[in-house]
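In the text below, chain A, chain B and the rest are named by the order of the sequence lines, each starting its count at 1.
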Amino acid sequence: MSKYMVNLKINNIPISVEEGTTILDAAKRLNFHIPTLCNHPDLSVAGNCRVCVVEVKGARLLAASCATPVSEGMEVFTNSEKVRIARKHVVELLLSEHNADCTKCFKNGHCELQELASEYRYGDHIFIDLVPFKQKFLDISSPSITKDTSKCIRCQRCVRTCAELQAVSALAVVHKGSHQTISTFMDKPMNDVVCTNCGQCINRCPTGALYERNYIEDVWNAIYDPNKFVVVQTAPATRVAVGEDLGLEPGHRVTGKMVAALKKMGFNKILDTDFTADLTIMEEGTELLTRLKKALVDKDETVKLPMMTSCSPGWIKFQEHMFPDLLPNLSTCKSPQQMFGSLAKTYYADKINIKAENMVVVSIMPCTAKKFECNRPEMRDSGFKDVDYVLTTRELAMMIKQAGIEFDKLEDQHYDSILGESTGAAVIFGATGGVMEAALRTAYEIVTGSEVPFANLNIKPVRGMEGVKEASIKIKNAKPEWSFLEGVEMNVAVAHGLANAKKLMEAVSSGTANYHFIEIMGCPGGCIGGGGQPIPTSPEIRRKRAEAIYAEDMGMDIRKSHENPEVVEVYKDYLGHPCGHQSHELLHTHYVERKRY
Amino acid sequence: MEQKHLKRVDLIFEWDEKNPPIQVLDETLQKTPDAIILEMIDSGLKGRGGAGFPTGLKWKFTRNEDSDIKYVICNADEGEPGTFKDREILDRVPEKIFTGMAICGYVIGAKEGYIYLRAEYNFLLKSLQQKLDKFNQQLKDRQIEFTIFLRSGSGAYVCGEESALFESMEGKRGEPRNKPPYPTVAGYNSKPTVINNVETLVYTCEICRMGADKFKALGTSDSRGSKVFSVSGDTTKPGIYELELGMPLKDFIDEFGDDDAKAVQVGGASGHCVPRKKFNDTIIGFEGIPTGGSMMIFNSSRSMYNVLHDYLEFFTEESCGQCTPCRVGCQQLLKGIEAVKKGERPPSYLEDLKKLTLTMKIAAKCGLGQSVANPFISIVDNFKEEIIY
Ligand SMILES: Cc1cc2nc3c(=O)[nH]c(=O)nc-3n(C[C@H](O)[C@H](O)[C@H](O)COP(=O)(O)O)c2cc1C
Ligand code: SF4
Ligand code: SF4
Ligand code: SF4
Ligand code: SF4
Ligand code: FES
């Protein structure tokens, strides 16, 4: 259906745009910048901050440009006297209830309110300090998410994120008038509510009201502790994003530079979560085939299908709260981060002759939920906390800057070995559909002995930003031991962002879905859109990061997990075979039912 | 200018035994929807809930929307300080409201109507429900496909704002929405909706009963008909009175004042304060100062600082809190007059605050924040000494 074109003038310049376009977007096309705060490309329109107001000729009211569609013959002024006065009032009002101690603020330099204030520099504020709101109201109960109400401008971006993208609604608007604020169920601490620690609210909070619990000082302390051997692992999605916080455009692949920076910073070994991503595929692929066999051949009713991936800890906690009945469907595989931790402090520590108690494992993750995950009581299979500190991509960028490293001048370096080698299958873990694609590349080959029937191994149907994706692969020429799968149509589904996951889970619960295997990533776009990734985020930015992920895959010599020589070596040396006893001890886990209130 | 004088009218509460509401309904449904709309437009009836939008047009716009589902909603949230007339109507002549709603449903093509009743009026629920059951049964007997439901409100003043009311009815937090879209296009459940005040609906019933001509014979060209006033404050006769629109405030004060009135707050906390010296020139109606019905009279014993302070406390509390100009603006106004009173800020700070209210008037998201300028400027300008000293 073709849309009508609407003609209007903005600052006296005529423009013609599609019906339904907002004034804000139309102005953008003419390169008129209108400041915004509550507006976000991933969220529904709120129209509550009112910094984006513009004057429309003949109208009694100023229009919130983010919330007002264009209309025929409209004449808009984005910088008239009325607009300037209103904008100044709005910014000054926001600052009057704001605890503006920028120099101590985690968002200093990355804050939209600060940017606005510095753009306008109104100087002396005329309004009265609304002191009660400046009292710090810091919630540090969560190992992942820090909430500081004194920095909140009540734009409700977090509330919309948590409800619309994540279907969690851990954060809500409470009270009215001067008492209106953003809080949790019964004002409980963040750690005691349904929050999944996904960090998506952080990615969209324009101020320092929500940010990750940060462990930068702890990690520096470990690095400078002569008695500690500090091992760092980097998640797949970090290498296509960290550059954004270091002055590069979205979509830059900086794997080699990131390794070089970590070396310069003084980590003892630079290893790769991609390695354990490959290992995950071995374990999860085997688990899937075993479940299929038990269900289809042995008719074992205790075996639950569809099997669901378990590498996204935000998704895991979501499931524990929201769909505890489906916990048996979750793969028992730990996330790659935790597989790495337990192997590092056992197998690897032995191999390099370091005592586990002297080893510190640091993860660089696109994720805030991983901060919670490493603190789960189950995650101590080495006898110690398997992963000591989790840093977000953003925290890593800050440390690189603190270390005085000129990132873009660095020469590429390679990961250390062992636990540093990886494949293209591992790197695509970073984008939605990637785990599915990697698993299919391996599982199909285990079953049939030949490669998946997709050009260049690229399983396109599971790629892309569609909320829920489905695909099926018919198994042809199964090897004798897998003959029960011959001709079977493997139905798979992929969802990213917890609101999409919820849709899929409702379908599974109600029995209307008929899948064998489901991949879920807690964050929109998968880990490339993780809650620990550089801010801002938008569909466009995530698309660029995903492109970089797939380019990284195409650039790898080996693109199937089971062909990772270090993976092969670790099984031979230590683990035995996938899903064997040793794996079971170190690489698998269990889940707990959690209450919603 | 056309000028009327104080005249009592008895339309709203009058009960015509020979032509009760259900008979009005039967007769009206003989006409086409378009004919009824024309009659409404011709009557000049404007909404009695505050905004004063022409009712006939509202119905027409909603009728013109293409949708299988539409709604009629009666706004019975009556939260404006000093207003208590809807309560009386709901208590005494609810059948007229139901009839207005059923006529509106017929006109726009709605099958469901809702009455959103202020939570504080829950004591009316039982009797209202009984009368409603009877009315719904009468509709059923006539095979009129329209049913009215009662909804208890959620307490906040802002829920009387139409789009916040829809949010509240949908089970969400009562926060006003962006406009457009207007309710006629996307109201309750995002469907085309007519939302009218209790009193407005009764007048639609009355217009159908007596014809547009008789209605528009009352009032002035801008303000047709009569209106129910809630009279309170320093008056010898507090209560509810139906009066012809278009009278000067002087007439009103002569009738209801205690001979010592220094100001009247017309239209409740969100309305305008008129000082004695302007009583003569102030017309009560859309050409002068419109009111949702609240008339609060203050005599010389009252401190206008306290009056303004009370209103600002009310708004600071009752703002839904979502938009910056209103949430923070109200607090600044309240703290601001306190600071001026205490001498912590110079009297000239009142000018800064007035400018702030002008921003609120054009930049706040809904009518609540937009109307704070009304009491603020009218009280500060007319009673500056009382504010400062
Ligand atoms: C803050 C606020 C509160 C309101 N409260 C009421 C109310 O209690 N009753 C009412 O009828 N209209 C109220 N209104 C006006 C409604 O939004 C709406 O204009 C009215 O219900 C339309 O009906 P009418 O056209 O019959 O007047 C309020 C508006 C605002 C901004
Ligand atoms: S939230 Fe922004 S404006 Fe506020 S203190 Fe932090 S950096 Fe400064
Ligand atoms: S971290 Fe995720 S689940 Fe928790 S409040 Fe933020 S968006 Fe909601
Ligand atoms: S916490 Fe952040 S995103 Fe949420 S309302 Fe406050 S400022 Fe906005
Ligand atoms: S003007 Fe006030 S009541 Fe209306 S939306 Fe804004 S904050 Fe809420
Ligand atoms: S950006 Fe438009 S109102 Fe906030």
Side-chain angles (χ1 to χ4, degrees), chain A residues 22 37-38 44-56 59-64 66-69 71 82-98 125-133 153-156 159 163 172-182, chain B residues 154-159 163-164 172-181 312-340 344-345 348-349 351-353 355-370:
Chain A
T22 61
L37 280 173
C38 66
S44 68
V45 172
N48 60 30
C49 76
R50 315 306 281 184
V51 294
C52 73
V53 289
V54 295
E55 188 171 346
V56 177
R60 180 175 59 93
L61 305 171
L62 299 180
C66 70
T68 311
S71 60
K82 266 191 192 170
V83 171
R84 288 187 54 83
I85 292 172
R87 197 177 286 161
K88 178 169 195 264
H89 274 137
V90 168
V91 173
E92 292 201 338
L93 289 174
L94 284 173
L95 292 176
S96 77
E97 62 169 4
H98 190 76
H125 299 305
I126 62 168
F127 296 127
I128 294 169
D129 265 7
L130 298 171
V131 180
F133 293 104
I153 58 167
R154 290 134 171 110
C155 65
Q156 303 188 24
V159 175
V173 185
V174 299
H175 306 305
K176 61 184 173 25
S178 53
H179 301 289
Q180 189 247 34
T181 186
I182 309 301
Chain B
S154 306
Y157 166 60
V158 72
C159 288
S163 62
K172 293 180 248 166
R173 194 182 149 79
E175 282 186 355
R177 299 174 181 168
N178 294 301
K179 289 174 202 161
L312 292 174
E313 269 185 341
F314 173 78
F315 289 122
T316 301
E317 182 89 3
E318 293 299 332
S319 151
C320 81
Q322 67 163 316
C323 80
T324 314
C326 173
R327 178 188 67 248
V328 198
C330 290
Q331 295 177 67
Q332 287 296 349
L333 296 175
L334 179 61
K335 297 250 169 276
I337 63 162
E338 287 173 353
V340 170
E344 292 164 4
R345 295 265 167 151
S348 62
Y349 189 55
E351 294 306 313
D352 292 326
L353 295 179
K355 283 185 198 140
L356 172 60
T357 64
L358 292 178
T359 286
M360 293 167 70
K361 188 175 182 148
I362 56 173
K365 186 168 171 177
C366 86
L368 191 153
Q370 288 159 14

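Proximity of a side-chain donor or acceptor of B/Gln331 to a complementary backbone N or O of B/Arg327 within less than 3.5 Å is detected.
By number of non-hydrogen pairs under 4.5 angstrom with chain B, the leading residue of A/Ala67, A/Pro69, A/Ala46 is A/Ala46. If you tally non-hydrogen atom pairs under 4.5 Å between each of B/Asp352, B/Leu353, B/Thr359 and chain A, the highest count goes to B/Thr359.
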Inset, instruction - Could you go through the side-chain hydrogen bond (donor to acceptor under 3.5 Å, both in side chains) check for A/Ser178 and B/Glu317 one step at a time? - result: CA-CA 6 Å; A/Ser178 53; B/Glu317 182 89 3; 5.5 Å; no
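Atom-to-atom distance recorded for B/Met360:CE and B/Ser319:OG is 8.0 Å, nearest 0.5 angstrom.
Remark: B/Ala156 pairs with A/Lys176, B/Val158, B/Cys159, B/Glu318 by the side-chain contact (heavy atoms from CB on, under 4.5 Å) rule, at least two apart or across chains. Residues that satisfy the side-chain contact (heavy atoms from CB on, under 4.5 Å) test with A/Ser44, not counting sequence neighbours, are A/Arg160, A/Glu164.
Proximity to chain B (any heavy atom under 4.5 Å) is shown, for A/Val91, by neither the backbone nor the side chain. No part of A/Leu37 comes within reach of chain B, as not one of its non-hydrogen atoms sits under 4.5 angstrom from that chain. For a residue to count as touching a neighbouring chain, one of its non-hydrogen atoms must lie under 4.5 Å from one of that chain's; by this rule B/Glu344 does not touch chain A. Heavy-atom distances place no part of B/Cys330 under 4.5 Å from chain A, backbone and side chain included. For chain A, no part of B/Phe315 is nearby; none of its heavy atoms comes within less than 4.5 Å. When heavy atoms are compared at a cutoff of 4.5 Å, A/Val45 approaches chain B by way of both its backbone and its side chain. When heavy atoms are compared at a cutoff of 4.5 Å, B/Arg345 approaches chain A solely by way of its side chain, counted from C-beta outward. Using a 4.5 Å cut-off between heavy atoms, A/Ala64 does not touch chain B at all. Only the backbone of B/Lys361 comes within contact range of chain A, with at least one heavy atom under 4.5 Å from a heavy atom of that chain.
A salt bridge does not link B/Glu175 to B/Lys365: none of the charged side-chain nitrogens sits closer than 4.0 Å to a carboxylate oxygen.
At a threshold of 4.5 Å between non-hydrogen side-chain atoms, the residues B/Lys179 and B/Ser163 count as touching. Taking the side chain as every heavy atom from C-beta outward, A/Thr68 and B/Asn178 never approach each other to under 4.5 Å.
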